[in-house]
There are 2 protein chains.
Amino acid sequence: MSNSTPATIEDVARIAQVSIATVSRAIHMPEKVANSTRLKVNQAIAITGYTTNAMARSLRLGRSNMILVVAPDIGDPNFSNILVGLENEARAHGYGILIGHTQNDAQRSLEYLKFLNSNQAAGLILFTGILPFGHQTMTARLPPSVGVFEPVFNGGIPYVGVDDIAGARKAVDLLIAEGHRKIAFIGDSRTRLAYSRRRMGYEAGLDAAGVSPDLRIVFEGDGTIESGRLAVEQLFMRDTLPTAFMCVNDQTAIGVMIGLGARGYDIPRDFSVTGFDDVPQAVFMSPSLTTIRQPRTAIGKHAMALLLELLSDGQPTETEILLRPDLVVRNSVSAPSRNWIRK
Amino acid sequence: MSNSTPATIEDVARIAQVSIATVSRAIHMPEKVANSTRLKVNQAIAITGYTTNAMARSLRLGRSNMILVVAPDIGDPNFSNILVGLENEARAHGYGILIGHTQNDAQRSLEYLKFLNSNQAAGLILFTGILPFGHQTMTARLPPSVGVFEPVFNGGIPYVGVDDIAGARKAVDLLIAEGHRKIAFIGDSRTRLAYSRRRMGYEAGLDAAGVSPDLRIVFEGDGTIESGRLAVEQLFMRDTLPTAFMCVNDQTAIGVMIGLGARGYDIPRDFSVTGFDDVPQAVFMSPSLTTIRQPRTAIGKHAMALLLELLSDGQPTETEILLRPDLVVRNSVSAPSRNWIRK
DNA sequence: TTGTATGCGTTATCAG
DNA sequence: CTGATAACGCATACAA
């Protein structure tokens, strides 16, 4: 029962009175083995509590059954939900998941590259828009890979995300419909493709409404709470005030709300605020945050499905899968206050 | 350079004109090999870009160089910081980390057990107080394991955490010092050992102040935001109101603050609130949350160090390591409002 | 339908 | 100090 050393295929073979080849076949190609022997083998497996030694199997097969998921920050509220989708899909196909977090640290990234090179993972899911490794030459040695959220720079790597432009467009359209014309954009970024796409949606929305963009109320950011707060501080040092803040993500929006709150403003009476992502905290904010919801579990599922396809077929059928984000209307948006309209 | 198949030890041996045994030695016992040959080997390694095949190595050695970290919820704000400590310590000793999250799901837990049994991980870090597996019989087959935060039920597994009793005591003592006497305890739990210990600290603090405990203002909870909110709702249906809420963790405290805010109360004017953990959001709440800080990175570091010790020595030197938690005073606590004092 | 034998890439033992 | 070789546990080509 609870022997010191785990049972091997040989133990099973001995008990079932067959060869190890038959045991292996009974497990992996049950239809190619006689019913009676299959039964014997299964009983022997049950008796011994045999589990395939994954190391030996991978060595023999030349590939592992693990997928490495690399994320810059595991603490990211978006992460865990995506993971659920990734995991479910992977497990359904006999793969396990390995999580690595780089914290945007080169040293750490390198460790994971070594990990890949030692054949410990068959595939790679990348959570960042930038390859965490030494770029160019390395990509040649990368296993089949799929990006999540953003296209991966300098790699011809397929990816799964949401339609950021369309999502951002939904947010602007709502603000426009409420009567806003001076809408700030918080969190612009040249390095985060998803963010710059959201800005494209923002500008498309303004354009459609005949509002000319005002660069004085566009602020850069890195998607952190702190960046949102900072933007508010900078904003109040300028001459132009918006009536609404469209934020590149929820974290930024939370920062903006904190910054505005600290200055004594009421949301949505004085300013409207929108986010993007619909992180779990969004509904607990006061006021609760109007935002764009990402279909996180679905993204994870699709990303893993795509990777598994790559793993078997070799060639990806699609290079980009964009899911539809939905507007979630809560309490952080209202019509602009009259005090501000013509400021 | 970027060949299709990765270089093996044999490739290195051929180029360096030595045997594979020498290559292996040059890598693992450099002092037992002549300087000149070591040089040749290193050059050959550089040329080929050789990396040890971890599968073959683990198979030969009978153990892997990976540690499995199992957590019920990766989204837990405490998790990622602990992980940093775990990772650093592991890497420093040549181990990698594998993260599994069970979501308290039996099926998932079983998958991880299989994973362990297939020799894919040399050790186990458990983030929950309850063994996620089928209890009794299974523990016999568990690899060296260490618990984090809480002692692990039904296993003689050593663990690393904070001194919950002392931490909770610091929170009560602060409230008592501010003049509170009617202090509610939110988040009592029979299943979470850490939580029941915090309650012990709470009661010890009351006792030291000569305050007799009032069970009408002790509420159960599971440490979620929702549970905090719920407790507030239940509380207002009873006849006794506290002047302060001591919460079992920050998430609960956030829930309490939301519940109190929804009823129009001001914190800390009307009620004081304390948390436990000092999660990243705590400082961003309004008011910012007075809480007990856990030395998360240190906990991770110690836990991994203990596990590595187990891995080599076989026997643990300590069965329990308790770190000291610190009080972080912010703005959610003040003296009780006169309106309530004699209610 | 089943068994035998080989090799996956390493490390360790044992001779030299 | 170095080399030949066995063994780790498994999957499969080939034989029976």
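Fair warning: this is a prediction, and the values are worked out from it, not measured in the lab. Order of the sequence lines fixes the chain letters, A, B, ..., with proteins taken first and strands second; residue numbering starts at 1 for each chain.
- Rounding to whole angstrom units, CD1 of residue Ile20(A) and C1' of dA5(C) are separated by 9 Å.
- When the C1' atom of dA7(D) is taken as reference, atom CZ of Arg57(B) falls 16 Å away, rounded to whole Å.
- Rounded to an integer number of Å, the gap from CG of Leu59(A) to C1' of dT6(C) is 13 Å.
- With sequence neighbours excluded, no residue forms a salt bridge (Lys or Arg N to Asp or Glu O under 4.0 Å) with Asp76(B).
- Note on Ala34(A): only backbone sugar-phosphate atoms sit closer than 4.0 angstrom, heavy atoms only; bases stay farther off.
- Residue Lys301(A) places its NZ atom among 12 or fewer non-hydrogen atoms of other residues, nucleotides or ligands, all under 6.0 Å distant.
- The side chain of Val33(A) lies closest to dT2(C) when the candidates are dT2(D), dT4(C), dT2(C).
- Nearest-nucleotide assignment on DNA chain D puts the 5′-proximal partner with Ser19(B), out of Ser19(B) and Leu61(B).
- Across the protein-nucleic acid pair, Ile27(B) atom CD1 and dG9(C) atom P stand 15 Å apart, rounded to whole Å.
- Not one side-chain nitrogen or oxygen of Thr8(B) sits closer than 4.0 Å to the OP1 or OP2 atom of dC8(C).
- For Ser24(A), the listed nucleotide lying nearest its side chain is dT12(D); candidates were dT10(C), dG3(D), dT12(D).
- Residues Arg25(B) and Asn53(B) each lie close to DNA chain C; by heavy-atom proximity, the contact nearer the 5' end of the strand is made by Asn53(B).
- Residue Thr37(B) places at least one side-chain N or O closer than 4.0 Å to OP1 or OP2 of dT2(D).
- Between the CD atom of Glu31(A) and the P atom of dT1(C) there is a distance of 10 Å, rounded to whole Å.
- Of the candidates dG9(D), dG3(C), dA4(D), dG3(C) carries the atom nearest the Thr22(A) side chain, counting heavy atoms from C-beta on.
- The residue Thr52(A) sits close only to the backbone: its heavy atoms come under 4.0 Å of sugar-phosphate atoms, none of a base.
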